[in-house]
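Worksheet for the structure shown next.
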Amino acid sequence: MGIIFRFVLRNIKEKKFRTFLILFSITMSAALFFAADAMSGSVEKIVVDRIRKAVGSAEILITANEKSPSRSMSMAFAQRLGDKLEYVAGTIHGSGIYKVGRDESIRIDLHGFDMEELQQMNPVALTAEQKLYPFNGKKIIISQNTAKKYRLAPGNVLDIEIDRQKHRFTVSGIAKPAGIFQEDGQSTNAIIPRAFLAGLYDMEGQVTAIYAKPKDLAEKQALIEQLSKIYNRYSVREAIPEEDIKRNASTFTVPFMMMVVLVLFISVFIIYTSFRVITTEMLPVIGTFRSIGATKTMTDMVLLAESMTYGIIGGALGCGLGIGMLYIMANMLLTPADKAAGFAAQISYSPVQLATAFILAVVLSVISSLVPIIKVSKISVKDIVLNKIDTTKKRRKWKLAAGILLFATVLLLPQYMPRKIAVTFDMFCMVFASISIVLLIPYLTAGFIKIFEKAYIFIFGNEGTLAVKNLRDNKNILNNISLLAMGISALLLINTISFSVFKEVANAYRGYHYAVRFYIDEADREKLGKVERVEGVDAVYGNMYVHDIGVGDGKDRIMLLYGADRVKFNDYIDVGILGDANALVDELSQSRSIIISNALKYKFGVEIGDKLVLNTKTGDREYRVIGFCETLFQNGQTAVIGDRFLKSDWKLKYISEVLVKTDEDPEVLKERIKESFKDQQLYIQTVAGMERENNEANTALFGIFRIFSIMTMVIGVFGILNNFAISFMERKRGLAMMRANGMSKGQSIKMIFIEALTGGLIGGAVGILTGILLISVIPYLLKAIDMPIPVHYSGLLFAQGLIGGTVVTLIASLSPAMKSSKLNIMEAIKYE
Amino acid sequence: MEAIIETNGLFKTFKLGMLDVEVLKDINVTIGKGEFVSIMGPSGSGKSTLLYLIGGLDKPTSGSIRIKGKELAVMKDKEQSIMRRRDIGFVFQFYNLIPNLNVEENVMLPVLLDGKKMKAYRSRLDEILEIVGLSDRRHHTPRELSGGQQQRVAIARALINEPDIILADEPIGNLDSKTGTEVMKLLQRINKEQGKTIVQVTHSREAAEYGNRTINVRDGKVS
Ligand SMILES: Nc1ncnc2c1ncn2[C@@H]1O[C@H](COP(=O)(O)OP(=O)(O)O)[C@@H](O)[C@H]1O
Ligand SMILES: [Mg+2]
């Protein structure tokens, strides 16, 4: 057996490109699988890091909410649990205006802390300090950034206006950019003594937020419950809402997994076809060995050992590459603000994830090579030795039938899948679609060739006819067409989705019939009036909404619930209400009724007249469904009720956001509004700015998707190169023969190019067909993960696929074309 | 008699790694129009090499080859290719048919390569398939034919463009003696009835008998 192994090893070494191709596709599969798998963990980490910035090591957070009697609370109750808590820290949050110069003033977020508590919870590292302790009175810690920007040094003073009163603070510390001071370039933070703010806001002994860390993390939930009872009118929750973060991250991984499925399929295909060649090459050797007494098991084991070796090497490489890829992907997900805040890409993965990717690689390799190996082991020694093996590819009836059946499944069934199994089923459909195409490709190709045959006589003359004849039932060409089709379809799939999302985002923003929106604390009629008086403001609407509302038992949720003004709502926000929008919104003000999005309709399975039980602040309330709307706000998880009922059931005192119409430049207006509310915390955006930000985030996300799809294509291209190389080896003799019969070098190059052109065109066409088939599943898949985005087909994209596929194939055929013209005719003919 | 093939001071050296192997040494042969010449000699003596050089499938190290009075060395690839299509027909020991083309298509290959319409050659094709006795096999692929039948397809292919010269490298080397005799008789008939010049390489004395002259090659020299 040792000698067979040596033979295998020599083969691996000699067929460098094939070895590379197999390893490459296994490596990529393992890497992409790992990256997609670990991605959700890394996304979680990014989100957790963003939160940790503010909460430090705290695990429990208590803040005021709509039900609370005031914005502040006493720390004393929490401190009584001191034996169970490592620490309790309290902060008073405030804001002030720092007047830098005549025309420039900036808003500063003021964090009132007790220094001792802060150092326990979220330590501040200082680069310089002066008379910091005792931390009381009008001392202030600012960030390095702020210090540099406004040329402030320890000991300097600065005037900050808080609640319309000027206070002169002394810079007592300059902090490194970490924790609270990890600023994102948009906000400016400072720490001042809590006692000072308490005095100013009349909050002696009170804080606006309490942070706590249990001594024993296992007791976290119990402590939260205990604290909830004490602070029963405040919200007591985990500082890091792990469940929510996990849920969000997982909707994110589904599209990645979809790409991985395609990559895995291509790899299986490449390994399978490569092993068919490997086993064919090995046949004579296997025959010889068996004729001198080697058992089937022995020869099978040798071949299996080969595929396992590929799996082990590819798996190991893939794990390494996967970590790198994860790092790059995590980096791409950081927002510009994250980067400004100095966040480095954080990746997180577990050894189990690495092991899974590694095992996947080995299993993938072994399974894919199994069929060719078993086939070879079934051939009798006599047939091998007498070289009686028919290597031509037969078309089999069952393949056609199975292909059509799978095709129909993918095309017809996804729409009927219940939501629970839809994601899994749709993933299977991706695989089914690919398998069906591979099965159908011989038939599709034969059909295309019939068409081309006729046309080519006129276009390319007899070389065209010869080229087309060469394509008939040529398994290398069929493999190329399969690879091209899969690569192109993956590219089309991703690009169509991203194209659709961008288009839909643009559409969604068209539903905002206003130019500027902003949030302001305690927005009421009076403040609305003030906005109306700002120069350039045409009209103002005080929009009200609540987020994340439980429905029924609370498991299903509505992410955004508007309280619509009878008259103004439709003027400002177009949620695409189906039917008479004005009449329906008017009806909302009459009784507890609701208009829900089609996405929610699908999720809840309700019709007009059905009742939905909403978990409101004042208990569960029944709302009657009176209409539907077509919107993508909050991924379509949106509903509308009357503002009267939102106010009463959720006890809303204030307006949620202010929407402003203007004829002027929104950016200019935005600055003006900021100016007139400069002493208040204001979060203001123009609609154009929102759209830009959203597109930026999407660009990052789809950038990652595109890496995946390009990788798929790269694997495909390598596969194609390999096939051309194999094809050339097999055809050497035939080509020499043609040359002996008078084919000139020019003619042989022309013939090979026409073959490539035809293969490319067919591959492109089949790729488009596959792409359309795959894309047809997408709406159902997106719907199942609560992202009901309609698919927009782009003709240009499809044309690019066709041309791209053809160009790739033509380029790949350059080397065989050149080799064919340099062919040593005599050698190729003489030696069998 | 008019000379149709002439070689002058023909040398061929193969480089085998560091080693130079002189396979042909100063070959001077003249073959007249209408001759049926058999090149004989032991295995490895350079017979095939000589035949391929004459057909322009390889280049000599030095010396000249003239086909129908034209010097091969000065012809471009395209001219040589055209010459192979129109003036020369090849028949090889291992038939060398194109596996994915059927009998008709294989026979028509030189016509197709010449950029001519298949239709114009219909009757010629019928005639040739009749001569080689394969009229009823025209749509079969090479795989579905016996060795003798495949060799007859190769001969038909060599004849389709009505070349003046047929070069055959051990045309019956792979056939049993009965089929071999049939093929030799066919070649002989083509030589006699159509006046084609035939040069065959063989190491069988019996096959050489069908020709009218024998050239003996030994150690790369004509003896
Ligand atoms: N392409 C080649 N490279 C190296 N040596 C060759 C090549 N072709 C033929 N030879 C050598 O040239 C000699 C003559 O070969 P060949 O003409 O095929 O002999 P014959 O047909 O008389 O048996 C042999 O020794 C053979 O090994
Ligand atoms: Mg020979």
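In what follows, every heavy atom counts, from backbone to side chain, and hydrogens, waters and symmetry copies are set aside. A note on names: the letters A, B, ... follow the listed sequences, proteins ahead of strands, and every chain is numbered from 1.
- Heavy-atom neighbours of Glu130(B) CD from other residues, nucleotides or ligands within 6.0 Å: at or below the threshold of 12.
- Atom NZ of Lys732(A) has 12 or fewer neighbouring heavy atoms from other residues, nucleotides or ligands inside a 6.0 Å radius.
- Minimum interatomic distance between Ser744(A) and Ser81(B) (heavy atoms only, all atoms of both residues): CA-OG, 2.9 Å.
- The backbone N or O of Phe90(B) lies less than 3.5 Å from no partner atom in the side chain of Asn741(A), so there is not a single donor-acceptor pair.
- Between Arg739(A) and Arg84(B), the closest side-chain pair of non-hydrogen atoms falls below 4.5 Å.
- For chain A, the nearby part of Leu109(B) is the side chain; its heavy atoms alone come within less than 4.5 Å.
- Residue Lys76(B) does not touch chain A at all, counting heavy-atom pairs closer than 4.5 Å.
- Looking at Glu463(A), its side chain never comes within 3.5 Å of a backbone N or O of Leu113(B) through a donor-acceptor pair.
- Met738(A) touches chain B through backbone and side chain together, each having a heavy atom under 4.5 Å away.
- For Glu105(B), the part lying under 4.5 angstrom from a heavy atom of chain A is the side chain only.
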Next item on the list: Determine, stepwise, if the pair Leu112(B) / Leu466(A) fulfils side-chain contact (heavy atoms from CB on, under 4.5 Å).
Entry: CA-CA 8 Å; Leu112(B) 285 173; Leu466(A) 277 174; 3.9 Å; yes
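- Contacts between Ile98(B) and chain A at a heavy-atom distance below 4.5 Å involve the side chain alone, from C-beta outward.
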Note to self: Between Phe92(B) and Met737(A), does the side-chain contact (heavy atoms from CB on, under 4.5 Å) criterion hold? Intermediate values first, please.
What the structure shows: CA-CA 10 Å; Phe92(B) 300 95; Met737(A) 209 45 240; 3.2 Å; yes
